[in-house]
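The block underneath contains the structure these notes are about, expressed in structure tokens.
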Protein chains: 2
Amino acid sequence: MVEDSRISDETRQRILQQARLLNYIPNSAARKLRHGRSKISVIGFLINDITHPFYSLMVQAAEKTAARHGYEILVGDTQWNPAKEVAEVKHMIESRVDGVLACLSERTRESTGLLDGFAVPYLMLDTTPREYRGACVVNDLAEASRIAVSHLIQVGCRRLAFLAADESMAHFSAFTKLREEFARAVRARGLPFEPSQIIRAGLSIEAGQSAFEEALRVCPGVEGIFCVNTLCALGVIEAADRRGVRVGREVAVMGVDDLDICSLSRISLTTIRQPYDQLAELATEYLVGAIENGAAPTMRQSLKPELVARQSTRFGNR
Amino acid sequence: MVEDSRISDETRQRILQQARLLNYIPNSAARKLRHGRSKISVIGFLINDITHPFYSLMVQAAEKTAARHGYEILVGDTQWNPAKEVAEVKHMIESRVDGVLACLSERTRESTGLLDGFAVPYLMLDTTPREYRGACVVNDLAEASRIAVSHLIQVGCRRLAFLAADESMAHFSAFTKLREEFARAVRARGLPFEPSQIIRAGLSIEAGQSAFEEALRVCPGVEGIFCVNTLCALGVIEAADRRGVRVGREVAVMGVDDLDICSLSRISLTTIRQPYDQLAELATEYLVGAIENGAAPTMRQSLKPELVARQSTRFGNR
DNA sequence: TTGAAAGCGCTAACAC
DNA sequence: GTGTTAGCGCTTTCAA
């Protein structure tokens, strides 16, 4: 439109001037209709809950990366609801997005079916169902559990417990992977492992609080507690404080996903940091690449988490 | 499409069956083009940074409310960048959204000009430029400052300070309102007020930390510190801890915007809670109402904040 | 009850 | 270098 040198500069200026006068703004529906599925390139991004910090972080990183390549991001928030997820996927197909980044709730297989059916290039993010063999960029949660177990043992803990997600998240493979690898890693280190060391908690402060009470009951003498997320770990600390159990001295506590408050000296929570921004950036790059090549993305990559050790695991005050 | 009783049920079923077989999903660009600006109703939502908890909260509340009325939300993240803001507004106009909810960066007046020019119904959220006279649903920040000053005086503080946003946010009226009303409220209570009691800080933990040091320097003997946001207040607590100044005993600290971590007993930060979800819900309701009536929204409403008193302002340990 | 046709706003192709 | 036209996929209207 701007590049066409057939038109004299004078005419162009005259027309553009008129356009400005008439407050002309093109109709993107018409342009898109005419153009097929390209040009105003859009990438759909399916997430489960925009109010969760790591989802909004990923959205922001994806937006920045997409913008560099002339793409925009259309966010679809599923609220962990499979019906809403399918509706969002359909909406993206109706809008003829050029590709999709998908953090799925894993409560339905319909979404990938639809995307496959319409040959929409897509890439799974953060975590994938166990049987998924397509393109993805994920966090290595098994490694996260290994790091956690290894760290807790290193600081001197022998009796370990894992505070897991609750039943409402049972379908979500990320938490299953954390849990299973925790058990495996404990055994691999030659420590005893019993099912009672896995305690149903949840993803909130309240869940962590009551799960700590539960842990004291079912795992008497527990020394190291690995929590499914940071809020849960904060709940454990809260409950321990109230009971007068000294965190970092009598019990080591750690969580997954580093939030900025973890570094406050009043909290000082050891966590496993996962590179969400890098994850979203990489995924967006791959997807854009695939779209431009007209090929389905194939990349399968898993990013390593990182230990951030703080006072909450200075077990025995060493 | 579904409701048209002219078509026999048998034919309808036959066609729908074929549609399913062929994996038919309508093209929303074509539908929108044909239909004008209606039917697949979309509301644009301009925000400044999706990773800020209150923006994502508002987006979620707006989405839920919009969904109840058959609307969807198209989020435009400006990243506090005026050029990006204008681009997002243009994009929304190109997409012929039916209305816009606007949290503006207030660094440009072009956005409202464009929306007015294209007669897009819109409503300003959270905060508005001082001279804005259009429709809005905002937080009452003057009231927030009055509540804070009143609370700090009530717990026994005489020498108060306000840790404000930094220059990069100088354009943003919300922080100006907080600051100005703080000064007014202090004087209204008959306490001395000097410009040195306003200290440039910022919206982050680090900003709060260094601003606390600054406060000790320029306001020796400061007893009550009101912070522009919660992160800044957490920074003050951190810095006070490191200096051995006992928060809640030697100095009272409070912030604006209640986050869930504020209630942890290790933090126990007094805050002013603002009803962001209610704000977004109300705004969406008004906007939808205006769209359906074909009228521009006119509602001007301001929501009252609420004090959440905790240990950080148990000044003198009462 | 069904089929046919027009036209939404845009752009690419073609004729002038 | 410029004007004209066809057609993207849909919905609405009008004719059969």
Side-chain angles (χ1 to χ4, degrees), chain A residues 1-42 44 70-72 74 87 89-100 114-115 117-121 291-292 294, chain B residues 1-42 44 70-72 74 87 89-100 114-115 117-121 291-292 294:
Chain A
M1 158 226 197
V2 179
E3 313 297 304
D4 196 335
S5 54
R6 306 181 321 159
I7 279 163
S8 69
D9 229 46
E10 191 226 348
T11 324
R12 186 198 310 291
Q13 289 314 319
R14 198 166 43 81
I15 298 301
L16 288 176
Q17 171 68 9
Q18 277 302 312
R20 241 169 282 126
L21 279 177
L22 295 171
N23 264 334
Y24 171 77
I25 290 199
N27 179 325
S28 68
R31 179 188 274 158
K32 192 140 76 192
L33 179 58
R34 175 66 237 257
H35 213 73
R37 54 167 57 220
S38 59
K39 195 76 173 214
I40 311 137
S41 319
V42 180
Y71 285 69
E72 66 179 73
L74 175 68
V89 171
K90 283 192 178 152
H91 176 240
M92 287 176 183
I93 296 176
E94 284 178 8
S95 323
R96 304 297 190 259
V97 296
D98 301 274
V100 169
L114 280 166
L115 293 170
F118 283 85
V120 181
I291 293 170
E292 316 257 284
Chain B
M1 158 227 196
V2 179
E3 314 296 304
D4 196 335
S5 54
R6 306 181 322 160
I7 279 164
S8 69
D9 229 46
E10 189 227 349
T11 324
R12 187 200 307 293
Q13 289 314 319
R14 198 166 43 82
I15 299 300
L16 288 175
Q17 170 69 9
Q18 277 303 312
R20 240 170 281 125
L21 279 176
L22 295 171
N23 264 334
Y24 171 77
I25 289 198
N27 179 324
S28 69
R31 179 186 275 158
K32 191 140 77 192
L33 179 57
R34 176 64 237 256
H35 213 72
R37 54 168 56 220
S38 59
K39 195 74 173 214
I40 310 136
S41 318
V42 179
Y71 285 68
E72 65 179 73
L74 175 68
V89 172
K90 284 193 177 150
H91 177 240
M92 287 175 182
I93 296 176
E94 284 178 9
S95 325
R96 302 298 189 257
V97 296
D98 300 275
V100 169
L114 281 166
L115 293 170
F118 283 85
V120 180
I291 293 170
E292 316 257 283

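Within every chain, numbering begins at 1; the chains are lettered A, B, ... in the order of the sequence lines, protein sequences first and strands thereafter.
Protein atom NZ of B:Lys32 is 14 Å distant from nucleotide atom P of C:dC10, rounded to whole Å. Between the C1' atom of C:dC8 and the CG atom of A:Leu33 lies a distance of 9 Å, rounded to the nearest Å. Distance A:Arg96 CZ to C:dC10 C1': 18 Å, rounded to the nearest Å. Computed from coordinates, the B:Asn27 CG to D:dC8 C1' distance equals 8 Å when rounded to whole Å.
Side-chain contact between B:Asp98 and B:Glu292 is absent, with no heavy atoms from C-beta onward closer than 4.5 Å. Using a 4.5 Å cut-off on side-chain heavy atoms (C-beta onward), A:Ile25 and B:Arg96 make contact.
Listed nucleotides C:dG9, C:dC10, D:dC10 differ in distance to A:Tyr24; the shortest reach to its side chain belongs to C:dC10.
Among A:Leu115, A:Val120, A:Val100, the one residue that satisfies the side-chain contact (heavy atoms from CB on, under 4.5 Å) test with A:Met92 is A:Val100.
One finds no side-chain N or O of A:His35 lying less than 4.0 angstrom from the OP1 or OP2 phosphate oxygen of C:dG9.
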